[in-house]
Amino acid sequence: MINITLPDKSVKQYEAGITPMDIARDISEGLARNVLAAKVNSEVKDATLPIEEDVKLSLLTWNDTDGKAAMWHSSAHLMAEAIELLYPGVKFGIGPDIENGFYYDIDFGDHAISEKDFPKIEQKMLELAREKQTFDRKEVSKSEALDYFGKKGDEYKIELINDLEDGEITFYSSGYFTDLCRGPHIPDTSPIKAVKLMKVAGAYWRGDENRKQLTRIYGITFPKKKELDEYLVLLEEAKKRDHRLLGKELELFTFSQQVGQGLPLWLPKGAELRERLEQYLKRVQKEKGYDQVITPHIGNVKLYKTSGHYQKYGEESFRPIKTPVEGEEFFLKPMNCPHHCEIYNAFPHSYKDLPLRMAEFGTVYRYEQSGELHGLTRVRGFTQDDAHIFCTPDQIKEEFNGVIDIIHQIFNALDFKDVSIQISLRDPDNKEKYIGSDENWEKAERAIIEVAEERGLDAHIEYGEAAFYGPKMDFMVKDAIGRKWQLGTIQVDYNLPERFDLTYIGSDNEKHRPVMIHRAPFGSMERFVAVLIEHCAGNFPLWLTPDQVIILPISEKYQSYAENVLNLLKKYEIRGLIDGRNEKTGRKIRDAEMKKIPYMLIVGEKEENEGTVSVRKHGEGDMGTYDIEGFAKLINDEVAELLADK
RNA sequence: GCCAACAUAGCUCAGCUGGUAGAGCAGCUGAUUUGUAAUCAGCCGGUCGGGGGUUCGAGUCCCUCUGUUGGCUCCA
């Protein structure tokens, strides 16, 4: 007999060789129907594999991430089977489960596949799923495996097998389809009740752009049709929040073919909003001891040879600009740091000057591959809320703390509640890759980890993800519908101080090398605004939104009263406009709601006589009557609350 | 850059297998003077992304360029 410990800590005894499926059946028939896989100790396995010794066991269902993964991985096999039946002779790459569904990379040979083919593949998958095909695991020797795919003529699988050790190779067969696969899989295909293929895309074999591009088909499956429908609704919701759509509707920004792809044009409302963000950050930074600087948009090629960027990115950048007479070469600046290093070098520095914090909303230009461009999130010209802190190695910790304060403060003001952090450190097994002394790296890495610990930040460490010039800390936010975005960053840099020969005189009257910290709380204004739009679905925080109020006179008779109200509100620093159109109030309200203006003030005879406004809040409705001062206080209190340094 | 799809009025879209462009909204004009999510009527508006080809005839078929979208690769 063996002891099986279940998640509720209860222990059950069974004959050795029992399967998780049998145990599920022993617990309840209902559970058995829902079991997709099993977690045996810490490994996820097929629910049909026998257990021979004492283990901890969790039975995984659709409610478990690992259960979903098994289902989706099995769905990838099911799709492959359907495709193999419909398009004989295709060759298969890899087909894993992903966060939302699965994909399979397939070489269709000369046959071009498109989304038009999806319905027939989906139908075939459902048909096969109904056959309740089991996933049968089989251990095979390397030569058997090579023999099978050799006969099939699938060079991709052969390449994969060649990278595996003999003895660790398993095949899974379901219905007419056999695949090289580590598993685990669901017991049979019956839980796959709803299938949706999402998109086709090209994907390089093994992610290598020099190798053949396979056709990747993405899909997702569910145990209930209803869940698929809900998922599609969620996708619709994400679509409605798309910053490219809202950017156009709310007149925030646009693009022009004439100006060039990836070069955003900020419209008045968008520019005003962005300016407000910048002013806010500037104010916070001023309080925290930053100095604002301004540098030009181009820099001599020599600057980038010194910084090393020329050697690294020269060929993949925009081509240099040449002066007509001297033939001198200049590059559009791809980052601000080299310019800032030269500002540092303009004067000698004492240790007493440090830390020196140099901030600039610097617009930079980077050549991005055309296929990479996307709305405001990936562009060729953008403005970083950049700053460089020049400090001693001992000051790193304190400076990190200061930057984190700023980041928290602004995320808070913008209603990003769910913030997580990635700390990227050196690959401990590969220290030669990095510039800078071992001692300095250790000091910086320790400082970053300590800061995260002392502040109790939700941080995780990634080894080997540091830049070659220093460790970094990246800030991720989760938006209102649960998507993760990478925003701010803080990076330690030992490289540029070296390359630009930055020094300060220490208390020992000797020259020392400062450390540089790059930091950008928003990252780029463009990307940040995009994320903000999607996060708040265009309903910006009151302090930031282009128009805070719109005054809706009931008829032209009340136009002058509306103007009086607007002028009074201006005195309280409240931004607004009047909808003086010859339209019915219902229409004006509707239009104001669509423009997502936070407050609507309806004024007619009653209000004019009493010197009041009738307040309607966006998305909520009638709030009753306020006098002007009372309303101004309502607005200003709300703004103060949002901007309070919590 | 690569794979695939798409590109028709300012916006959202219709236009079957090729016969010479249509709706709603927006805009303009007029009527209406309006009380919490669309008042009515009329008018204006497109060399169907650019170029080339097939055809008696191309928005529709083919090639090519540009751009957009979804991925891949990349991201100082």
Side-chain angles (χ1 to χ4, degrees), chain A residues 98 103 105 107-108 112-117 198-218 239 242 244-245 248-249 251 254-262 304 307-314 316-317 331 333-338 364-375 377-380 382 384 467-469 486 489 491 493 495-496 518 523-524 527 552-559 581-595 600-607 614-625:
Chain A
I98 51 176
Y103 67 78
D105 286 346
D107 183 349
F108 280 90
I113 198 97
S114 81
E115 291 180 15
K116 291 190 192 89
D117 302 298
M198 304 302 295
K199 50 208 168 197
V200 283
Y204 299 109
W205 172 233
R206 309 199 107 179
D208 182 344
E209 62 178 319
N210 298 312
R211 304 199 63 180
K212 184 161 177 167
Q213 193 157 43
L214 306 180
T215 304
R216 175 171 298 179
I217 300 181
Y218 287 89
K239 231 186 201 170
D242 191 318
R244 293 165 300 181
L245 232 67
K248 183 172 258 176
E249 268 172 36
E251 298 172 29
T254 189
F255 288 90
S256 145
Q257 281 197 34
Q258 290 272 344
V259 173
Q261 51 177 172
Y304 301 106
S307 73
H309 293 106
Y310 180 82
Q311 293 82 330
K312 193 152 191 256
Y313 292 100
E316 330 158 15
S317 302
F331 274 96
K333 73 174 169 189
M335 78 295 293
N336 305 299
C337 21
V364 298
Y365 301 89
R366 296 178 184 179
Y367 172 76
E368 303 285 357
Q369 299 184 85
S370 57
E372 253 331 303
L373 300 170
H374 179 94
T377 59
R378 193 77 186 268
V379 288
R380 284 180 172 168
F382 58 96
Q384 295 176 311
F468 75 92
Y469 51 77
Q486 205 232 292
T489 182
Q491 309 188 358
D493 187 349
N495 180 44
L496 287 181
H518 308 250
S524 98
R527 183 178 161 80
L552 314 178
I554 295 292
S555 81
E556 280 169 14
K557 286 185 238 161
Y558 311 106
Q559 177 71 18
R581 290 178 306 165
N582 180 6
E583 291 288 351
K584 291 187 161 184
T585 306
R587 174 54 180 271
K588 292 184 184 181
I589 286 170
R590 184 187 146 82
D591 289 347
E593 289 280 355
M594 306 272 276
K595 284 194 217 154
M600 285 152 268
L601 304 183
I602 295 144
V603 295
E605 192 180 353
K606 183 171 141 267
E607 288 77 11
S614 191
V615 179
R616 181 190 163 100
K617 191 167 185 176
H618 167 73
E620 291 182 23
D622 199 347
M623 290 177 67
T625 308

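The figures that follow rest on heavy atoms only: side chains count, while hydrogens, waters and symmetry mates do not. Per chain, numbering begins at 1; letters A, B, ... match sequence-line order. These numbers were taken from a predicted model, which means no experiment stands behind them.
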Pairwise 5' ranking along RNA chain B for A:Lys557 and A:Leu373, keeping only the more 5' one: A:Lys557
Span that lies between the C1' atom of B:U60 and that of B:G22, in whole angstrom: 15 Å
Selected nucleotide, minimal atom distance to A:Ser370 side chain, candidates B:A76, B:G1, B:G35: B:G1
Separation of the C1' atoms in B:G19 and B:C28, to the nearest angstrom: 35 Å
Closest listed nucleotide, where the reference is the side chain of A:Arg587 and the choices are B:C25, B:C6, B:G71: B:C25
Listed nucleotide nearest any side-chain atom of A:Glu605, set B:G35, B:C75, B:C72: B:G35
Distance test, side-chain N/O of A:Gln261 to OP1/OP2 of B:G67, below 4.0 Å: yes
Exceeds 12 heavy-atom contacts within 6.0 angstrom, atom CD of A:Gln486: yes
Out of B:G70, B:C11, B:A4, whichever nucleotide has its closest atom nearest the side chain of A:Lys248: B:C11
P atoms of B:C40 and B:A5, separation to the nearest Å: 43 Å
Touch class at under 4.0 angstrom, heavy-atom based, for A:Gly371 against every strand present: base
Nearest to side-chain heavy atoms of A:Lys199, which nucleotide of B:G70, B:U39, B:C72: B:G70
A:Ile554 side-chain proximity, nearest of B:C75, B:A38, B:G35: B:G35
Any N/O donor-acceptor pair, A:Arg206 side-chain to B:C72 base, under 3.5 Å: no
Lys/Arg N to Asp/Glu carboxylate O, A:Lys595 vs A:Asp591, below 4.0 Å: no
Given RNA chain B, 5'-ward residue of the pair A:His309 and A:Gly621, judged by closest heavy atom: A:Gly621
Nearest-nucleotide pick for A:Arg244, side chain only, options being B:C75, B:U69, B:U39: B:U69
Distance, C1' atom - from B:U55 to B:C62, rounded to whole angstrom: 12 Å
Distance-only donor-acceptor test (3.5 Å): side chain A:Gln213, base B:G1: no
Donor-acceptor pair (no angle test) under 3.5 Å: A:Arg590 side chain, B:A38 base: yes
A:Tyr204 side-chain proximity, nearest of B:A76, B:U39, B:G1: B:G1
Touch class at under 4.0 angstrom, heavy-atom based, for A:Tyr218 against every strand present: sugar-phosphate
Nearest-neighbour nucleotide for the A:Arg366 side chain, B:C72, B:A76, B:A37 considered: B:A76
Among B:G67, B:A76, B:G1, the one nearest A:Tyr469 by side-chain distance: B:A76
Sugar-phosphate only, base, or nothing, as touched by A:Glu556 at under 4.0 Å among non-hydrogen atoms: base
Sugar-phosphate, base or nothing in reach of A:Ser614, heavy atoms under 4.0 Å: base
Distance, C1' atom - from B:C13 to B:A21, rounded to whole angstrom: 14 Å
Rounded P spacing from B:G49 to B:G15 in Å: 15 Å
Sugar-phosphate only, base, or nothing, as touched by A:Glu607 at under 4.0 Å among non-hydrogen atoms: base
Spacing of the P atoms in B:U33 and B:U39 (rounded, Å): 15 Å
Nearest-angstrom distance, C1' atom, B:A26 to B:A9: 11 Å
Polar pair under 3.5 Å, donor/acceptor by atom type, side chain A:Arg616, base B:A37: yes
Below 4.0 Å: OP1/OP2 of B:U68 and any side-chain N or O of A:His374: no
Under-3.5 Å donor-acceptor pair between A:Arg216 side chain and B:C3 base: no
Base of B:G35 paired with side chain of A:Tyr558 (donor-acceptor, under 3.5 Å): no
